[in-house]
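For clarity, every value in this text was computed on a predicted model and none was experimentally measured.
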Amino acid sequence: MEITSAVSDRRSFLRRSSGLVVLGALAAGCRSQPGPVGSGEPQLTQWYHDYGQPGAERAAKRYAAAFGKARVTVGWKPGNYTATLAAALLGPAPPDIFEGQVSDDLVRSGQLVPLDDLLGAARPDFAPADLAANTVNGKVYGIPMVEDMQLLYYRKSLLQRAGLPPPATVEELIGAAKALTTKKVKGLFVGNDGGVGALGGPVLWSAGLTYTTPEHRMGFDSPRAVAALEKLRQLYTSNSLLLDSSTDWSDPSAFVHGLVAMQWTGLSALPAITRVWGGDVAVAAFPPLDGQGRPSVPITTFAAMVDAKSPNLDAAKSFVRWLWVDRTDYQAEFALDYGLHLPARTSVAEKATALASGPTAEALQLSRHYAMPVTPPDWTPKMSAAYADALTNVIRGGARPAPELDKVKATVTSELARLFG
């Protein structure tokens, strides 16, 4: 059976997108000054990464053509979208509107324009976690378009056969993975790296910790972070993880082909999974470490941002408001008809038949209760690299967590001092 690579492509985009924050002050210094609008119809460019789903590009172009106040040209960018966008933002002809992830660095560089005035009365209708992911210093710089999320998928029949409930703690997840492992099936797949790339955030949140605090300090300088990373090492050495899959965690192939009883992957994988396993599939949040922790589902919000140097700034903002605030019909279509995402608007999600029952309804409720942005706006690429190194050394190398986390703390402290003094 052929499994679409769209989920994997989207994950690659998300991993790369944090690279946009390194633009910093370069963006302000390397750009030509905006020219006059001139007479006639305003001209706008709007960029998307390649969603990898049939019909999505045509839909985006149809929406653009329906806007009556400007001529909007859609750029659908395959390949390394982040590198292409970063180069364009530094060049003489950047897109007026583009999707990506808001960061403190982008805001400080003057790259983005605040968009709070576009939300109006619709503001309470946007999922709080989606707005939070696009907010810096109390201002919204990206209008949420659609939401992707990560979930624990499991075969209900296999857990029932083993006499197991859905894992309610990290310890129970480790125990279930062991119990479900046989000669032909591994208990769990969280990536060929043992969870380095996928579980760094969930394991912190499971302990009740965060990447950073509201005061812009390291949010996991705690003995509970040590305990959490120790659990990931325990999971890695339990002989219950699939570690040699031909695809990584973002692709559902391992679960679809029955190689694992449980898998951590994205919401976009759900249609491919249910086509094979039907009602035997259920989804869950990453469980808490213990009674002091919390469940979590990482979310990535694809958001429309407006280039602050656009020569047609008012028209660009008007288009973003029209498409991603006013046109709830287009929002529902884009989220649900081309792959599977959650609409960023609560009212749109609640009216969607596709989200009314089964695992999709479960996913919606999990997002609304336990959503956590994959990374906060003040989490930089240097921080990500330092934390990934620590996870690799602990999970795969067996290093002691405390010294590794001390190294991360030095990097995080330095980066936060650079951003906030």
Side-chain angles (χ1 to χ4, degrees), residues 2-23 27 43-65 67 71-103 106 111 142-150 191 197-198 246-253 265-272 299-307 310 316 319-320 323-324 330-331 333-342 344 374 381:
E2 182 180 353
I3 302 300
T4 177
S5 63
V7 179
S8 181
D9 292 343
R10 190 172 295 113
R11 293 291 176 220
S12 297
F13 161 65
L14 298 179
R15 287 192 294 270
R16 295 191 301 264
S17 63
S18 60
L20 286 174
V21 303
V22 304
L23 290 169
Q43 309 288 307
L44 299 174
T45 54
Q46 178 196 24
W47 278 21
Y48 297 82
H49 80 283
D50 185 358
Y51 276 69
Q53 298 288 351
E57 181 179 1
R58 289 194 300 274
K61 291 179 176 179
R62 174 162 46 85
Y63 306 154
F67 184 60
R71 182 178 179 182
V72 183
T73 301
V74 171
W76 199 261
K77 303 297 179 181
N80 191 336
Y81 172 79
T82 301
T84 302
L85 178 60
L89 292 177
L90 292 172
D96 301 280
I97 304 156
F98 54 92
E99 67 173 6
Q101 292 175 288
V102 171
S103 71
L106 278 174
Q111 190 79 57
I143 301 298
M145 298 159 45
V146 294
E147 177 191 307
D148 199 5
M149 61 187 297
Q150 299 167 29
S246 60
T247 58
D248 213 341
W249 66 272
S250 57
D251 190 300
S253 295
T265 190
L267 178 66
S268 298
L270 184 55
I299 65 162
T300 298
T301 306
F302 294 86
M305 293 177 277
V306 174
D307 189 281
S310 170
F319 176 74
V320 170
L323 180 54
W324 299 116
Y330 287 164
Q331 294 160 32
E333 177 188 347
F334 195 72
L336 301 169
D337 289 2
Y338 313 106
L340 179 62
H341 303 83
L342 296 182
V374 169

Per-pair distances, 0.1 Å, donor-acceptor, side chain in residues 54-63, under 3.5 Å, sequence neighbours excluded:
| unit_1 | atom_1 | unit_2 | atom_2 | d |
| --- | --- | --- | --- | --- |
| Glu57 | OE2 | Lys61 | NZ | 3.0 |
| Arg62 | NH2 | Glu333 | OE2 | 2.4 |
| Arg62 | NH2 | Tyr338 | OH | 3.4 |
| Tyr63 | OH | Glu333 | OE1 | 3.4 |

Taking only distance into account, with no hydrogens and no angle test, what donor-acceptor pairs under 3.5 Å do side-chain atoms of residues 88-97 form with protein atoms, sequence neighbours excluded?
| unit_1 | atom_1 | unit_2 | atom_2 | d |
| --- | --- | --- | --- | --- |
| Asp96 | OD1 | Ser310 | OG | 2.5 |
| Asp96 | OD2 | Thr45 | N | 2.9 |
| Asp96 | OD2 | Thr45 | OG1 | 3.2 |

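Side-chain contact between Thr300 and Met149: absent, with no pair of heavy atoms (C-beta onward) separated by less than 4.5 Å. Side-chain contact check for Phe98 versus Gln46: every heavy-atom pair is 4.5 Å or farther apart. Residues Trp47 and Tyr81 meet the side-chain proximity criterion, which asks for heavy atoms closer than 4.5 Å. Contact of the Phe334 side chain with the Phe302 side chain is not registered, since no non-hydrogen atoms from C-beta on lie closer than 4.5 Å. Put simply, the side chain of Glu99 does not reach to within 4.5 Å of the side chain of Met305, judged on heavy atoms. With contacts defined as side-chain heavy-atom distances shorter than 4.5 Å, the pair Gln111/Asp307 qualifies. The shortest side-chain heavy-atom distance between Trp76 and Tyr51 falls under the 4.5 Å cut-off. Side chains of Gln331 and Trp324 form a contact here, defined as non-hydrogen atoms less than 4.5 Å apart.
Counting only distance, with no hydrogens or angles, the side chain of Thr265 and the backbone of Pro252 share no donor-acceptor pair below 3.5 Å.
To the nearest 0.5 Å, atoms CG (Leu44) and OG1 (Thr73) are separated by 8.5 Å. Taken from CG in Leu85 to CG in Asn80, the straight-line distance is 10.0 Å, to the nearest 0.5 Å. The distance from atom OG1 of Thr82 to atom NE2 of His49, rounded to the nearest 0.5 Å, is 9.0 Å.
Each of Ile299, Leu267, Val374 was scored for a side-chain contact (heavy atoms from CB on, under 4.5 Å) with Gln150, with one residue passing: Val374.
Checked by atom type, the side-chain pair Glu147/His341 shows no donor-acceptor distance below 3.5 Å. Side-chain N/O atoms of Ser250 and Asp248 include no donor and acceptor closer than 3.5 Å.
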